Amino acid sequence: MGDIYDNVMELARRRGFVWPSSECYGAVAGFIDYGPLGAMLKRKIENIWRDFYIIREGYYEIEAPTIGVESIYVASGHVKGFADKMYQCPSCKEYSRADHIAEEHGTANADTLSPEALADIINGLPCPSCGEKIENAAVFYFNLMFQTTIGPGSQRKGYLRPETAQGIFTDFNRLARFYRDKLPFGAVQVGKSYRNEISPRQGMIRLREFTQAEAEIFIHPDHKEHPDFSRYADYSIPLWGQTQQMQDIKPITVSMREAVDSGLVANEYVAYYIALTHEFLMKVGINGDKLRFRQHLPTECAHYALDCWDAEIFSGRFGWVETVGIADRTDYDLKAHAKGSGDNFTVFIPYENVRRENRRIVVPNMGALGPQYREKAKAVADALKYSAPGPDGATITLDGKEIFIPPELYQIREETIEVRGEEVMPHVVEPSYGIDRILYCTLEHSYEEEDVDGEIRKVLHLNPAVAPVQAAVFPLMNKDGLDTIARTLSIDIQKHGILSQYDDNGAIGRRYRRQDEIGTPYTITIDYDSLEDNTVTLRDRDSMQQVRLPVTLVPETLTRLIHGTLPFSEAGSKI
RNA sequence: GCACCGAUGGUCUAGUGGUAUGACUUUGGCCUUCCAAGCCAAUAGCCCGGGUUCAAUUCCCGGUCGGUGCACCA
């Protein structure tokens, strides 16, 4: 058999976690279906994420369309920046990046050139794949966004969103009102994003349609201290900063407090979400030894981002996989949309104390200015307002000429004004999670082939918090009333909101193995003792240990086990 | 997208110019007092399109998907 990926995906297909999409018409690369158990697992991961960001952080979830009008993505930079300038070699039909070839032959900043200018440069150069001289090749944009048209007549261009973030930025002013105009605030979105990858390989790791969970947290640019930082101040995890990477040394384990104080991490907000991400990934079932936080190198960090860290998870097939990005994006996005839309993307922040400022203002005397300057009177008046008049009069510049304005044409008024605050464009801290990648890594880290008495036992050691099926109930024998008790118990468990499967098919051992394979953490078996004393056995998936407890206590016990408030060893009496 | 390799029940596979082997799984039954036991039976397959041929799962061409290398990868 193949490697860990092959084994995990084989199980995932067979048991209904992940399937190739639209298989009956031929699957399409870059798309997957989540089967019954996969959809359940994914939803549980997303809901744990919601526990962290919505319930704990208080950032409410919104839901924007997956199709956005072109202007959004012109403003965000995706129409330009998400497009690669490509050309196709006329000889070998290879597609390559035109700007890369130009740069290799000495053109600096080739990516900023127009397609036409680039075409002029590369025509005549040798093709990097076949070596033939490039002739008459056109340079065109290949945009990673899926394009569509909106409405009949199809005049309005739209794009499938390449990230969920923009929907939050475009709602900024509504959100600011919702949060009653106070910083910080945040909003989250969990949903599909689309990127028309040129060549999506690597199965679930690079999809054309994928699920993101993103939070956009709007903070005051001068106050990047997280109000709840104490929660993670002592949280210590290995961080692999730029310096360590460039000096080729290992990540250093520090507390978030130290990380911020030493300047390793830009500010408390970024550090806080690094720690929160660590806690979240552990909760979901990622192996902590296969998790690291890596800072973007200056070359890979977006030019506007102040600091950017990736949570990388180690996969036996793919190596270190980027699963979460945490970035301080400054005011880049809001600025872009302010420019693009003409709206203000600011919050009015009152000062603690109202500031009184003395001001001299120049009030033009229009009654006198009008007859004297005629059509220029308005321009003169405007210029006067910004001038600094001396005792004899004011000198202004109009159309390049200096004009002297005597004092009788204006008044100077001294006044005290109250400045109550200022308009602030917030900075954005963005933790962005790739749910599909996290789900795959969870499966891979959970997967184990264990040797039990010479047989291979395949187990998914899924955390009970994410396991799609939480419990299973078996009658030891499908007769003598054992099955009746089992069915009754099964229904009782379901009434407590626990998803449990009833199974009486085949040998008991086979039934345990089935549940092991899909990661069901607990199984209950009704045996002949149950008929005598109303007790049942409860089996722990990972240890295969069993305890005995009264049947009436089962639902309550399961609930506590699943929530992690009861260790298995205390769930009943040892057998 | 290019090059090379691959594709046979749900899974893993044998094999073939004349519709296909075995195992596991699944379902039903018998048996069975706790970890894939045994017995009987059943269900289920040649990736898609075109060509050659009396006949194609098999040969040829194209495509799809998957793997590897190159290019690409917010």
Side-chain angles (χ1 to χ4, degrees), chain A residues 1-3 5-7 9-16 19-31 35 73 76-78 80-89 91-97 100-101 127-130 142-145 161-163 165-166 193-203 205-208 210 212 300 302 305 308 317 322 325 327 432 434 450 452-459 474-480 482 505-517 523-531 536-539 541 544-546 548 575:
Chain A
M1 268 299 269
D3 65 2
Y5 175 81
D6 289 328
N7 295 333
M9 291 310 282
E10 188 271 315
L11 186 146
R13 263 196 307 279
R14 192 160 40 81
R15 287 301 189 187
W19 292 325
S21 198
S22 65
E23 219 176 351
C24 65
Y25 290 109
V28 190
F31 296 95
Y73 297 105
S76 71
H78 285 94
K80 271 261 153 57
F82 226 59
D84 294 326
K85 293 178 188 100
M86 311 278 293
Y87 85 99
Q88 188 180 26
C89 170
S91 312
C92 63
K93 311 293 179 204
E94 268 299 323
Y95 287 96
S96 302
R97 289 274 296 265
H100 285 186
I101 298 171
C127 167
S129 15
C130 66
F142 178 81
N143 197 297
L144 255 25
M145 287 192 291
R161 64 181 178 198
E163 58 176 27
Q166 299 305 325
S193 294
Y194 304 83
R195 293 176 193 180
N196 201 359
E197 298 283 353
I198 298 171
S199 172
R201 294 253 186 99
Q202 309 176 320
I205 301 298
R206 250 175 91 198
L207 294 168
R208 286 185 166 129
F210 55 101
Q212 285 186 308
E300 51 184 333
C308 188
R317 162 68 75 92
E322 172 195 341
S432 170
E450 195 183 29
V452 178
D453 302 328
E455 295 257 18
I456 289 176
R457 170 186 180 241
K458 292 184 180 179
V459 202
F474 309 149
L476 184 60
M477 293 295 143
N478 197 10
K479 60 183 182 189
D480 302 327
L482 298 183
N505 188 302
I508 189 87
R510 182 184 301 268
R511 286 179 257 163
Y512 285 135
R513 291 294 185 274
R514 274 188 203 127
Q515 297 299 331
D516 290 342
E517 256 196 356
T523 30
I524 297 107
T525 301
I526 315 300
D527 59 16
Y528 282 90
D529 289 353
S530 309
L531 292 173
V536 297
T537 66
L538 175 67
R539 169 191 183 263
R541 173 198 64 205
M544 296 198 285
Q545 300 283 307
Q546 286 181 304
R548 216 167 172 97
I575 296 174

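The structure presented is a predicted model; accordingly, all values stated were derived computationally and were not measured.
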For B/U19, decide between syn and anti, treating a glycosidic angle within 90° of 0 as syn.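 Judged by the O4'-C1' to base torsion, B/U19 sits in syn, the angle falling within 90° of 0.
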Ion pair check, A/K458 and A/D516, cut-off under 4.0 Å: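 No, this pair does not count.
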Salt bridge check, A/R206 against A/E197: does any charged N sit closer than 4.0 Å to a carboxylate O?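 Looking at A/R206 together with A/E197, the answer is yes, because their closest N to O distance falls below 4.0 Å.
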Between [M] and [N], how far apart are the [atom1] atoms? Round to whole Å, please.
{"N": "B/U21", "M": "B/G62", "atom1": "C1'", "result": "31 Å"}
{"N": "B/C4", "M": "B/U43", "atom1": "C1'", "result": "39 Å"}
{"N": "B/G22", "M": "B/C40", "atom1": "P", "result": "14 Å"}
{"N": "B/U58", "M": "B/G1", "atom1": "C1'", "result": "30 Å"}
{"N": "B/C46", "M": "B/A7", "atom1": "C1'", "result": "10 Å"}
{"N": "B/C60", "M": "B/U16", "atom1": "P", "result": "15 Å"}
{"N": "B/C24", "M": "B/A36", "atom1": "C1'", "result": "10 Å"}
{"N": "B/U27", "M": "B/A44", "atom1": "C1'", "result": "11 Å"}

Please name all residues satisfying salt bridge (Lys or Arg N to Asp or Glu O under 4.0 Å) with A/R541, sequence neighbours left out, ordered by chain then number.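 With neighbours one apart ignored, the set is empty.
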Sequence neighbours excluded, which residues qualify as salt bridge (Lys or Arg N to Asp or Glu O under 4.0 Å) partners of A/R14?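 Listed in chain order: A/E10, A/E517.
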Atom-to-atom span, [atom1] of [X] to [atom2] of [N] - whole angstrom:
{"X": "A/L11", "N": "B/U25", "atom1": "CG", "atom2": "C1'", "value": "13 Å"}
{"X": "A/E23", "N": "B/A7", "atom1": "CD", "atom2": "C1'", "value": "13 Å"}
{"X": "A/R13", "N": "B/G10", "atom1": "CZ", "atom2": "P", "value": "12 Å"}
{"X": "A/E10", "N": "B/U13", "atom1": "CD", "atom2": "C1'", "value": "13 Å"}
{"X": "A/L207", "N": "B/C73", "atom1": "CG", "atom2": "P", "value": "18 Å"}

Side-chain N or O of A/N505 less than 4.0 angstrom from OP1 or OP2 on B/U27?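 Yes.
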Charged tip of A/R539 within 45° of A/Y512 ring normal and under 6.0 Å: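 Ring-cation test returns yes.
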Would you compute the distance between atom CD of A/Q202 and atom CZ of A/R317 and round it to the nearest 0.5 angstrom?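 Rounded to the nearest 0.5 Å, the CD-CZ separation comes out at 9.0 Å.
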Any strand: nucleotide that pairs with [N] via Watson-Crick or wobble, under 3.5 Å:
{"N": "B/C39", "result": "B/G29"}
{"N": "B/G62", "result": "B/C48"}
{"N": "B/C73", "result": "none"}
{"N": "B/C4", "result": "B/G67"}
{"N": "B/U19", "result": "none"}

Please identify each residue that fulfils side chain to side chain contact (heavy atoms under 4.5 Å, CB included) with A/T537, with sequence neighbours left out.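 Partners of A/T537 under the side chain to side chain contact (heavy atoms under 4.5 Å, CB included) test: A/T525, A/D527, A/Q546, A/R548, A/I575.
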In chain order, what residues pass the side chain to side chain contact (heavy atoms under 4.5 Å, CB included) check against A/L207, with sequence neighbours excluded?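 Partners of A/L207 by the side chain to side chain contact (heavy atoms under 4.5 Å, CB included) criterion, ordered by chain and then number, come out as A/I32, A/F210, A/D436.
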When you check the side-chain N and O atoms of A/Q515 and A/T523, is any donor under 3.5 Å from an acceptor?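 On atom types as modelled, these side chains do not qualify, holding no pair under 3.5 Å.
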Return the minimal non-hydrogen interatomic distance between A/P162 and A/H78, and the atom names on each side.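 So the minimum-distance heavy-atom pair works out to CG-CD2, 3.7 Å.
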Every protein N/O lying under 3.5 Å from an N/O of nucleotides 64-67 of chain B:
from, atom 1, to, atom 2, distance (Å)
B/U64, O2', A/A27, O, 3.3
B/C65, OP1, A/A29, N, 3.1

Once each nucleotide of nucleotides 31-48 of chain B is scored for protein heavy atoms under 4.0 Å, what B/S/- sequence comes out, 5' to 3'? -BBBBBS-----------
